[in-house]
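Just so it is clear, the structure is predicted and the values come from calculations on it, not from any experiment. These numbers come from the heavy atoms of this one structure, side chains and all, not from hydrogens, waters or symmetry mates.
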Amino acid sequence: MGRRVLLALLSAAVLVGLVAQPGAAVNTPQAALVSSNPADWTPHVLDGKVDAIVQVGSKMIAGGKFTKVATAAAPTTAIARSNIFAFDATTGAIDTAFAPVMDDEVEALAVAPDGLSVFAGGRFTKINGAAQKSLAKLRLSDGVRITTFKGKTNARVKDMAVSGGRLYIGGTFSTVDGTARTALAALDPTTGALGSDVNLAFTGPRTGTVNIDRFDISPDGTKLIAIGNWTYVAGLQRDQIVMVNLASNPVTVAGWATTRFQQQCAKVFDTYMRDIDISPDGGYFVVVTTGAYHAGSLCDSSSRWETGATGSGQQPTWVDYTGGDTLYDVAVTGTAVYVGGHQRWLNNSFAADKAGPGAVAREGLAALDPLNGLPLSWNPGRDRGVGVFALVATAQGLWIGSDTDRIGRYEYHAKLAFMPLAGGTAVPESRVGTLPGDLFRIGTDNAMTRRAFDGTTVGAPSTVTTGVDWSTVRGAFVVSGRLYSGNADGTMTVRDFDGATAGFTTPVALNGLTSTQFPISRVTGMFFWNGRLYYTLTGDTRLYYRWFTPESGVIGADTFVASGATDGRNWAGVSGMTMASGRLVYATTTGTLSAVDFTGGLPTGTATTLSGPAIDGQSWQSRALFVLNLAN
């Protein structure tokens, strides 16, 4: 269960005779990107793959399909381990006492509420030679199966999580403890007794057998979101994804629903859903998929969805496409959305199995901006293989389980690697101008001026002498003290700017976006807000936006219309625009300066004129407007 981190901080608790309770089935929040340099001390898994990782205090447990492991100090000296092993979370020393013999793959792990044992689920049928199918509870001290836990299923357990004092399991099973339960069940974590309140009918497999591939539970324990192979849940159409209300008794299907996963991807897959992770604050979740390239679908993509949304017809907040490569696992830390698979590119909406316009290379591993899904600059790289199957964020860093041996350009870390938070980098805040501030204007006379501005009243102008020829600028905006310009030659550039001095320009990579897809030379106004680059075009009535992440400088491949198509607004006359403190301020070719409220990414209400054709003898016709707070 790649992104589950049920972290029990036992070391101190044991000293005082207390038992630490693991958290809900979400990843630990992190305030920065982890290092791209993997830790040198982690053990190696010498064959097969790693599917699942959990941490209990100072101990890590890894499960998968393998027969031998090795220490970092002796990487060629094989130590026998049968699909599960334990090691020290800070030294990598392999636990000699925890060595259960599982006869087949361990696909899921979860820490028991007592903090002294771990649940394992998968394809196995025996443990230490004794029959035990698909589900078991193992003592952490020595790996012995705890026989007082009586829970059992008739088929695979593919995912599990402990929340609210219960063990939730999902998989291909149709009975639990001999009682009919299809794909989802809740058990007492001490006895294994089956709960009666979790009994939903999953029906209508797309092909093959109904199953839950993965699920996650919100931090407050009230929502379970599952993905897998079905069409209906409790008689309600919920194609491949369902939100379950755990706060009701019995549990019920929530009203949240989407049709976006109805579309068929490659027919070879019973389900093309591969992983889901809820954010640490519970506000949103991310789904990753396989399925091959199908334009307009959610095949081979990652997508963000809002947890608090209600009703049918839900749409993703953003989608990032690989261009035909599978993403297997996702871990959301708040700062980043880590994804892993065998992908070669991201932001690759328009091409299959090659880099299309906008595509950014990210081999097998990436960190996405939670606001818009674009790749952040973090790019350690890894041998792609089949993919990454386990991503687990802890307070110390990010654990990665896979089927390949090279990571981090490209050190040897067989099937298992750890990217520490120590040595990582913070993602800088994308600061934009606020009001009151200074309104800068790059005029059609190629001069830059500055005026005090409170959102309604503009002060007298003063010239800003920078020594820069602004005649080629067609739109500009400032983020965190950096001035971005769209230029007449179709390029974008960025320079430092403090309100008085302009630094040297560097190009902003377009990554193959053509002038048809992003007509920068026709831009008449630009501004940045909340992960979006808004712009208007000469002779075009619409206000457009595309995703943009200043941290990495990546521009989104896809174009969206924010206004002007159906809301009756006409943006054809814009000659410069900016946004600050919820006000969209724009100049027009008639020389006026106007403003309109800007709420939730859209202009709202009635526009008001702030200034006529001239003020202090200067027309408001411009090439660019932007607000800057010099005090910041």
> Is there a donor-acceptor pair closer than 3.5 Å between any side-chain N or O of Ser297 and the backbone N or O of His294?
Replying inline: yes

> Any chance the rings of Phe389 and Tyr328 have centres within less than 6.0 Å?
Replying inline: yes

> Any idea how Trp305 and Phe261 line up, ring-wise: parallel (<30°), tilted (30 to 60°), or perpendicular (>60°)?
Replying inline: tilted

> Is there a donor-acceptor contact under 3.5 Å linking the side chains of Asn83 and Glu105?
Replying inline: no

>> Test your reading of the model: is there a side-chain donor-acceptor pair from Gln517 to the backbone of Thr514, 3.5 Å cut-off?
In response: yes

>> Rounded at 0.5 Å granularity, tell me how far NE2 in His342 sits from OG1 in Thr290.
In response: 6.0 Å

> What do you reckon, are the aromatic ring centroids of Tyr338 and Trp378 less than 6.0 Å apart?
Replying inline: yes

> When you measure from the side chain of Trp41 to the backbone N and O of Thr71, does any donor-acceptor pair fall under 3.5 Å?
Replying inline: no

>> Less than 4.5 Å apart, side chain to side chain, heavy atoms only: is that true for Val330 and Val337?
In response: yes

> Step by step, would you call Gln55 with Val392 a side-chain contact (heavy atoms from CB on, under 4.5 Å)?
Replying inline: CA-CA 9 Å; Gln55 180 174 0; Val392 175; over 6 Å; no

>> So Val26 and Ser279, do their side chains get closer than 4.5 Å, heavy atoms only?
In response: no

> Roughly how far apart are Asn211 CG and Asp270 CG, rounded to 0.5 Å?
Replying inline: 5.5 Å

>> Closer than 4.0 angstrom, basic N to acidic O: yes or no for Arg344 and Asp353?
In response: yes

> Is it true that a side-chain atom of Thr404 and a backbone atom of Arg406 form a donor plus acceptor pair closer than 3.5 Å?
Replying inline: no

>> I want to check something: taking the side chain as every heavy atom from C-beta on, are Tyr484 and Arg482 in contact at a cut-off of under 4.5 Å?
In response: yes

> Can you find a pair of side-chain heavy atoms, one from Glu363 and one from Arg384, that are under 4.5 Å apart?
Replying inline: yes

>> Please give me the minimum heavy-atom distance between Phe66 and Lys49, naming the atom from each residue.
In response: CD2-O, 3.3 Å

> Arg532 and Tyr534: side-chain hydrogen bond (donor to acceptor under 3.5 Å, both in side chains), yes or no, with the steps?
Replying inline: CA-CA 6 Å; Arg532 300 179 181 186; Tyr534 287 81; 3.1 Å; yes

>> Taking the ring of His44 and the ring of Tyr412, is the distance between their centroids below 6.0 Å?
In response: yes

>> Taking Asp216 first and then Arg214, would you say they form a salt bridge - that is, a charged N and a carboxylate O separated by under 4.0 Å?
In response: no

> Hey, is the main chain of Ile227 close enough, under 3.5 Å, to the side chain of Asp213 for a donor-acceptor pair?
Replying inline: no

>> Between Ser485 and Asn487, do the side chains contain a donor N or O and an acceptor N or O under 3.5 Å apart?
In response: no

> Would you say the side-chain atoms of Thr271 pair up with the backbone N or O of Met273, donor to acceptor, closer than 3.5 Å?
Replying inline: yes

> CG/Asp275 to CG/Leu391 distance, rounded to the nearest 0.5 angstrom?
Replying inline: 8.0 Å

> Do the rings of Phe598 and Phe527 sit parallel, tilted or perpendicular, given the 30° and 60° boundaries?
Replying inline: perpendicular

> To the nearest 0.5 Å, what is the distance between OG1 (Thr317) and CZ (Phe285)?
Replying inline: 9.0 Å

>> Under a plain distance cut-off of 3.5 Å, with no hydrogens placed, do Asp220 and Ser218 share a side-chain donor-acceptor pair?
In response: yes

>> Assess, by modelled atom type and distance only, whether the side chains of Tyr272 and Arg274 contain a donor and an acceptor separated by less than 3.5 Å.
In response: no

> Side chains of Gln343 and Thr326: closer than 4.5 Å at any heavy-atom pair?
Replying inline: no

> Is it true that the side chains of Thr322 and Asp325 contain a donor and an acceptor less than 3.5 Å apart?
Replying inline: no

> Can any side-chain N or O of Thr258 pair as donor or acceptor with the backbone N or O of Gln314 at less than 3.5 Å?
Replying inline: yes

>> If we ignore hydrogens and angles and just use 3.5 Å, is the side chain of Asn348 paired with the main-chain N or O of Gly356 as donor and acceptor?
In response: yes

> Would a 4.5 Å heavy-atom cut-off, applied to side chains only, mark Val54 and Met60 as touching?
Replying inline: no

>> On a heavy-atom basis, which atom in Leu371 and which in Gly531 lie closest, and how many Å separate them?
In response: CD1-N, 4.1 Å

>> Please evaluate residues Lys68 and Asp47 with respect to the criterion salt bridge (charged side-chain N to carboxylate O under 4.0 Å, His left out), reporting the C-alpha separation (whole Å), side-chain torsions for both, the decisive distance (0.1 Å), and the verdict.
In response: CA-CA 7 Å; Lys68 49 190 176 180; Asp47 60 348; 5.3 Å; no

> Do Trp399 and Phe87 make the cut of ring centroids closer than 6.0 angstrom?
Replying inline: yes

> Parallel, tilted or perpendicular for Tyr535 and Phe518, by the 30°/60° rule?
Replying inline: tilted

>> Whether the side chain of Asn372 engages the backbone of Leu374 through a donor-acceptor N/O pair (distance < 3.5 Å, no angle test) should be reported.
In response: yes

> Hey, what do you get for OG1 (Thr333) to CG (Leu33), rounding to the nearest 0.5 Å?
Replying inline: 7.5 Å

> Tell me, do Met419 and Ile407 make a side-chain contact under 4.5 Å, heavy atoms counted?
Replying inline: yes

> Is the distance between the ring centroids of Trp345 and Tyr321 under 6.0 Å?
Replying inline: no

>> Rounded to the nearest 0.5 Å, what separates atom CG in Leu346 from atom OG in Ser302?
In response: 6.5 Å

> Between Lys59 and Asp95, does a salt bridge (charged side-chain N to carboxylate O under 4.0 Å, His left out) hold up when you go through it step by step?
Replying inline: CA-CA 9 Å; Lys59 184 177 289 190; Asp95 191 326; 2.8 Å; yes

> Can you tell if the side chain of Leu513 reaches within under 4.5 Å of the side chain of Asn511, non-hydrogen atoms only?
Replying inline: no

>> Check the orientation of Phe548 and Phe528. Use parallel for under 30°, tilted for 30 to 60°, and perpendicular for over 60°.
In response: perpendicular

